[in-house]
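In what follows, a single structure is set out as structure tokens and then discussed.
Position 1 is the first residue of the sequence; numbering continues from there.
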Amino acid sequence: MPETPQDVLKLIQDQDIKIIDLKFIDMPGIWQHCSFYYNQIDESSFTDGVPFDGSSIRGWKAINESDMCMVPDPKTAWIDPFMQEKTLSMICSIKEPRTGEWYSRDPRTIAQKAIDFLSSTGLGDTVFIGPEAEFFVFDDVRFDQTESKAFYYVDSIEGRWNSGREEMGGNLGYKPRYKEGYFPVAPTDTMQDMRTEMLLTMAECGVPIEKHHHEVATGGQNELGFRFATLVEAADYLMTYKYVIKNVAKKYGKTVTFMPKPLFNDNGSGMHTHQSIWKDGQPLFWGDGYANLSKMALNYIGGILKHAPALLALTNPTTNSYKRLVPGFEAPVNLAYSQGNRSASIRIPLSGTNPKAKRLEFRCPDATCNPYLAFAAMVCAGIDGIKNEIDPGEPLDVDIYDLSPEELSKIPSTPGSLEDALESLEKDHGFLTSTGVFTEDFIENWISYKLDNEVNPMRLRPHPYEFSLYYDV
């Protein structure tokens, strides 16, 4: 893979590439792109950037101050496998053209600032992040909302709800039972070849791949795994992951969603996020404490747990996120930590006697998040825990379902809605802004955007199930 601007320019020349596609992420977390003829990209593009109009990007510039610049990262260059014409893709950060400063609302810039802040503290110089993003593959999706109707419809050949359906060639009946979709072999698992193509295509795009498998829910829930990476790299890889999966699925005549809860009454899709801090090439989370954790790691956990209600406004940033975070579906709603209890929001994975494998897994996030913002916010919360020596309390090493209501009431829970999480963020964001990683402007803009575009519009619209509940009252 290229490392320098010169490497990229040589690759363009050697492979006779005519089109350069520059990608960047908007504030909510969706890739945007613009394609350029190759002679528009030179060495200065990697420092000064390539101009574009930022006024139409969600949550960014007003039309009277819309000029911005995309600055491609040469280390992210790969040949896009979905373009008919050979096209070189690169991921960009955003600069202010008039000042030459990195744009304070650019998520990728914020992620880099989190690493810079960690280094400035002397606590460490590297954060490794390993996200595990789950998703559903459907054969058909339809939805609409007007003044007089509202509906959604999703379908999958694997959906247990189709066990009685007449199907072309006959219904063969191989459909995972509800909550029993984890690791079935063919013919119940119909998506092996498609997932393999997804995984190998990710590798062609520079993502360090590991595995793939069917997930718990019926109706086509899946997961692909890639190797942990440094914070910005991990976010880049996750965006490539989503791009590849959606486009390979489209080749198979299928559609993908990372919505946390697209199906009623079965498991939702999360993004368990592994993380650890290193310094000078050495892991810092290994120690002689609980589950072989260091004091630094335990304090990091303390920071995550303390700030979790506010964190979730960034790690679980959709109204649909909170339909996953409910008891009974393996959802990590308990703000506690454990080395084995998957109902705790932080799990300590088994790592044997290998200090380099010692890490924690924050299980709340989902893949509707903007990964640059989510990873940066988690690191800020963890650093706050380390600097202030926040005690995470006792681990939750009991079966949550064996606890009495009185015992359960003593365990803090995740927010019940996006609105609750945003209120928590409004009250508790000093751990983000005091670092210089996030600005007050960004936090205010994020809260305002989410309320105006998601929370309040949902309030205004009757839910289809309300008709079942109330129509004949």
Side-chain angles (χ1 to χ4, degrees), residues 130-132 134 178-183 215-217 223 260-261 265-276 285-312 315-316 321-355 357-366 378 381-382 385-386 389-417 420-421 424:
E132 300 177 340
E134 299 163 336
Y178 295 103
K179 298 190 182 185
E180 294 186 25
Y182 198 62
F183 281 22
E215 261 296 345
V216 174
E223 180 184 320
K261 196 75 169 182
N265 215 29
D266 208 340
N267 281 31
S269 294
M271 188 183 73
H272 306 155
T273 304
H274 299 249
Q275 47 204 290
S276 63
F285 277 10
W286 175 270
D288 56 5
Y290 171 81
N292 292 122
L293 292 170
S294 65
K295 183 178 185 300
M296 173 185 277
L298 288 166
N299 290 152
Y300 188 102
I301 290 171
I304 294 281
L305 293 177
K306 176 183 177 180
H307 299 297
L311 266 182
L312 263 64
T315 63
N316 301 72
S321 298
Y322 298 87
K323 292 178 171 60
R324 165 182 168 256
L325 292 176
V326 294
F329 295 91
E330 292 189 9
V333 297
N334 303 294
L335 295 178
Y337 70 104
S338 172
Q339 61 182 337
N341 192 337
R342 290 175 185 268
S343 66
S345 60
I346 295 180
R347 186 177 74 94
I348 315 305
L350 293 173
S351 59
T353 58
N354 182 6
K358 182 54 64 178
R359 63 200 186 277
L360 63 91
E361 174 193 34
F362 188 38
R363 294 173 61 81
C364 291
D366 64 61
M378 285 186 270
I386 296 169
E389 299 186 352
I390 297 174
D391 185 349
E394 294 299 314
L396 184 67
D397 285 336
V398 297
D399 187 338
I400 192 72
Y401 300 108
D402 288 341
L403 295 179
S404 67
E406 182 181 358
E407 291 171 314
L408 194 59
S409 68
K410 297 176 182 177
I411 302 172
S413 296
T414 54
S417 68
D420 290 345
S424 296

What pairs with [X] under side chain to side chain contact (heavy atoms under 4.5 Å, CB included), at least two apart in sequence or on another chain?
{"X": "P355", "result": "P283, W286"}
{"X": "T273", "result": "I129, M271, Q275, P365, F375, M378"}
{"X": "Y182", "result": "H213, E215, V216"}
{"X": "N354", "result": "K356, A357"}

Applying salt bridge (Lys or Arg N to Asp or Glu O under 4.0 Å), can you list everything that pairs with E223, at least two apart in sequence or on another chain? none
With sequence neighbours left out, write down each residue that passes salt bridge (Lys or Arg N to Asp or Glu O under 4.0 Å) with R359, or none if nothing qualifies. none
Indicate yes or no for a side-chain donor-acceptor contact from N334 to the backbone of S413 under 3.5 Å, with no hydrogens or angles considered. no
Distance-minimising heavy-atom pair for [X] and [Y]:
{"X": "R324", "Y": "R363", "answer": "NH2-O, 3.0 Å"}
{"X": "A421", "Y": "Y322", "answer": "CB-OH, 3.3 Å"}
{"X": "D391", "Y": "G393", "answer": "OD1-N, 2.9 Å"}
{"X": "S345", "Y": "P332", "answer": "CA-CB, 3.7 Å"}
{"X": "L305", "Y": "A336", "answer": "CD2-N, 3.7 Å"}
{"X": "A291", "Y": "I348", "answer": "CB-CG2, 4.0 Å"}

Taking the side chain as every heavy atom from C-beta outward, state whether [X] and [Y] have any atom pair closer than 4.5 Å.
{"X": "P260", "Y": "L325", "value": "no"}
{"X": "T414", "Y": "C364", "value": "yes"}
{"X": "E134", "Y": "N267", "value": "no"}

For the CG atom of L350 and the CD atom of Q339, what is their distance to the nearest 0.5 Å? 7.5 Å
Return the CD1 to CG distance between I346 and L396, rounded to the nearest 0.5 Å. 12.0 Å
With [X], which residues qualify under ring pair (Phe, Tyr, Trp, His ring centres under 6.0 Å), at least two apart?
{"X": "F362", "answer": "none"}
{"X": "F285", "answer": "Y300"}
{"X": "Y290", "answer": "Y337"}

Using the test side chain to side chain donor-acceptor pair (under 3.5 Å), find all partners of E132 that sit at least two apart in sequence or belong to another chain. H274
Taking side chain to side chain donor-acceptor pair (under 3.5 Å) as the definition, give me every residue that meets it alongside K358, ordered by chain and number, with sequence neighbours left out. S351
Please report, to 0.1 Å, the donor-acceptor pairs under 3.5 Å made by any side chain of residues 403-410, with sequence neighbours excluded.
from	atom 1	to	atom 2	distance (Å)
S404	OG	E407	N	3.1
S404	OG	E407	OE1	3.2
E407	OE1	S404	N	2.9
S409	OG	E406	O	2.6

